[in-house]
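Working notes, structure below.
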Amino acid sequence: MAQMNFGGVIENVMTREEFPLEKAREILKNETIAVIGYGVQGPGQSLNLRDNGFNVIVGQREGKTFDKAVADGWVPGKTLFSIEEAAEKGTIVMCLLSDAAVMSVWPSLKKHLKPGKALYFSHGFAITWNDRTGVVPAKDIDVIMVAPKGSGTSLRTMFLEGRGLNSSYAVYQDATGRAMDRTLALGIGIGSGYLFETTFQREATSDLTGERGSLMGAIQGLLLAQYEVLREHGHTPSEAFNETVEELTQSLMPLFAKNGMDWMYANCSTTAQRGALDWFPRFHDAVKPVLEWLYLSVKTGNEAQISIDSNSKPDYRVGLEKELKALRESEMWQTAVTVRKLRPENN
């Protein structure tokens with residue numbers, strides 16, 4: 001375990017150099033890894049584990065997602081089973097279902113978690129708020145987590161490119177004395193770039209805050225607000241979109257990701273430098289109270305309860321599609337469709 005300096009704070013980090021794939025294979029050589037759910041994280045994690053030489057099976061209900069698993073090479077009756085069958089066969093049960101699905105499946109899933117098995121999550125939600133979810137594991141199993149910091153699609157794409165997506169890891173319950181080894185081996189096996197320590201509670205609160213904040217909710221709100229202001233002052237949709245979204249995602253973000261925001265400030269025009277330095281404190285002061293409010297709502301379990309209540313409604317999918325349709329058909333994102341078509345690589 002390496003100790004690294006993150007902006008003056010020392011943290012424990014596990015790299016692939018320190019924990020090579022061969023070591024992970026040795027630790028898990030007698031394990032059957034059952035990936036439960038083939039939705040967002042399931043495909044990427046299971047396929048990466050399979051390609052890395054681990055003994056993997058998948059558990060999924062029949063339907064379109066089951067058919068997708070078959071198309072990806074999982075064989076019904078051999079490596080693809082019902083959720084309960086896979087959970088029974090697995091010594092490590094990787095629960096990669098949505099938070100709402102975990103709650104509905106838990107009563108039948110827990111029956112197959114025999115002493116000595118490991119229950120694995122990629123999100124701390126179900127355990128952190130188990131007073132609301134009802135997911136309370138028995139004391140005789142390991143409860144562990146590896147949480148990739150991105151989508152399952154990104155995890156798979158970066159793996160195929162020979163890269164790795166960073167992941168956090170945590171041990172909630174160590175019944176066997178092998179929980180940490182199992183956790184780190186799985187983190188390496190799924191294709192993590194490096195692994196950094198967290199807890200189930202910290203991962204859940206930071207994840208929900210990030211999704212609602214800078215990763216999705218806040219960025220959509222900020223982009224829409226700027227687009228609307230430009231449109232309301234006479235700018236065309238193409239101009240407003242290019243100045244708000246296209247330049248950000250196609251030009252600046254790749255450089256920002258590679259070199260950092262400090263580099264961006266040092267390598268833009270003096271006019272841009274002056275404006276950014278003058279205006280970022282104003283945005284900071286305006287936005288931070290909203291984020292404090294958001295974090296409190298997450299930490300107290302209010303956001304978890306909203307998700308549970310919303311996702312448990314029988315007509316949840318209908319309402320969700322209505323909201324997404326409105327977003328998809330808005331002027332800004334319809335403009336995006338045209339702009340993307342005009343990119344040279346799409347012509």
Side-chain angles (χ1 to χ4, degrees), residues 2 4-9 11 13 15-17 44 147-168 191-196 206-207 209-231 235-288 290-291 327 330 332-347:
M4 300 190 70
N5 187 324
F6 289 85
V9 178
E11 295 186 39
V13 170
T15 66
R16 292 191 285 195
E17 288 72 28
K149 297 298 102 181
S151 70
T153 301
S154 298
L155 182 73
R156 180 62 175 166
T157 300
M158 293 174 75
F159 175 84
L160 293 173
E161 293 172 348
R163 302 159 62 205
L165 187 64
N166 304 327
S167 302
S168 60
S192 300
Y194 69 82
L195 295 149
F196 61 95
S206 62
D207 188 82
T209 299
E211 290 168 347
R212 287 150 178 76
S214 65
L215 302 181
M216 293 181 71
I219 193 69
Q220 164 66 9
L222 174 61
L223 296 177
L224 181 60
Q226 180 169 305
Y227 179 87
E228 288 177 341
V229 167
L230 290 172
R231 289 287 290 121
H235 297 269
T236 64
S238 58
E239 184 172 53
F241 188 86
N242 272 281
E243 293 291 356
T244 300
V245 181
E246 193 74 352
E247 185 174 350
L248 172 68
T249 58
Q250 298 302 297
S251 175
L252 300 184
M253 274 299 180
L255 294 171
F256 176 20
K258 182 179 179 181
N259 301 311
M261 182 60 83
D262 54 336
W263 184 92
M264 288 297 302
Y265 272 61
N267 287 275
C268 63
S269 71
T270 54
T271 301
Q273 285 174 345
R274 185 69 269 142
L277 288 167
D278 286 348
W279 278 89
F280 93 74
R282 302 178 192 184
F283 278 101
H284 169 272
D285 293 349
V287 171
K288 190 173 180 180
V290 178
L291 285 168
L327 189 64
S330 66
M332 185 169 78
W333 294 115
Q334 283 300 301
T335 298
V337 173
T338 304
V339 170
R340 284 194 292 269
K341 287 179 182 177
L342 290 169
R343 291 176 187 164
E345 65 269 24
N346 294 329
N347 290 309

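In this structure, Ala286 and Val290 approach most closely via the heavy-atom pair O-CG2, 4.0 Å. Closest approach of Pro148 and Leu165 over heavy atoms only: CB-CD2, 4.0 Å. In terms of heavy atoms, Arg16 sits closest to Gly164 at NH2-N, 3.9 Å. Of all the heavy atoms in Met216 and Glu211, the pair that sits closest is CB-O, 3.2 Å. Annotation for Asn5 and Gly8: closest pair OD1-N, 2.6 Å, computed over non-hydrogen atoms. For the pair Thr249 and Pro254, the tightest heavy-atom approach, listed with the atom from each and the gap, is O-CD, 3.4 Å.
Residue Arg231 holds its CZ atom at 12.0 Å from CG of Leu224, rounded to the nearest 0.5 Å. Between the OG atom of Ser167 and the OH atom of Tyr194 there is a distance of 9.5 Å, given to the nearest 0.5 Å. We find the CG-SG distance between Leu252 and Cys268 to be 9.0 Å, quoted to the nearest 0.5 Å. One finds the CE atom of Met158 at 12.5 Å from the OG1 atom of Thr153 (value rounded to the nearest 0.5 Å). Atom CG of Asn242 and atom OG1 of Thr236 lie 8.5 Å apart (nearest 0.5 Å).
Considering only heavy atoms from C-beta on, Leu223 comes within 4.5 Å of Met332 through its side chain. When side chains are defined from C-beta on, Thr244 counts as touching Leu230, because their heavy atoms get closer than 4.5 Å. Between Leu327 and Gln220, some side-chain heavy-atom pair lies under the 4.5 Å cut-off. Asn346 places none of its side-chain heavy atoms less than 4.5 Å from the side chain of Leu342. You'll find the side chain of Lys149 reaches within 4.5 Å of the side chain of Ser168, heavy atoms only. Looking at Asn259 and Met264, their side chains never come closer than 4.5 Å, going by heavy atoms from C-beta outward. You'll find the side chain of Met4 reaches within 4.5 Å of the side chain of Phe6, heavy atoms only. With a 4.5 Å cut-off on side-chain heavy atoms, Tyr227 and Trp333 do not count as touching.
In terms of the ring pair (Phe, Tyr, Trp, His ring centres under 6.0 Å) criterion, Trp263 has no residue partners (sequence neighbours excluded).
Arg343 has a carboxylate O that lies under 4.0 Å from a charged side-chain N of Glu246, or vice versa, which qualifies the two as a salt bridge.
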Show your working on side-chain contact (heavy atoms from CB on, under 4.5 Å) between Val287 and Leu291 and close with a plain yes or no. CA-CA 6 Å; Val287 171; Leu291 285 168; 3.7 Å; yes

Decide side-chain hydrogen bond (donor to acceptor under 3.5 Å, both in side chains) for Ser206 and Thr209; before the verdict, give the C-alpha distance in whole Å, the side-chain angles of both, and the deciding distance to 0.1 Å. CA-CA 5 Å; Ser206 62; Thr209 299; over 6 Å; no

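Remark: the backbone N or O of Ser154 is paired with a side-chain donor or acceptor of Ser151 at under 3.5 angstrom.
By the 6.0 Å contact criterion, OH on Tyr265 is enclosed, its count of non-hydrogen atoms from other residues, nucleotides or ligands being greater than 12.
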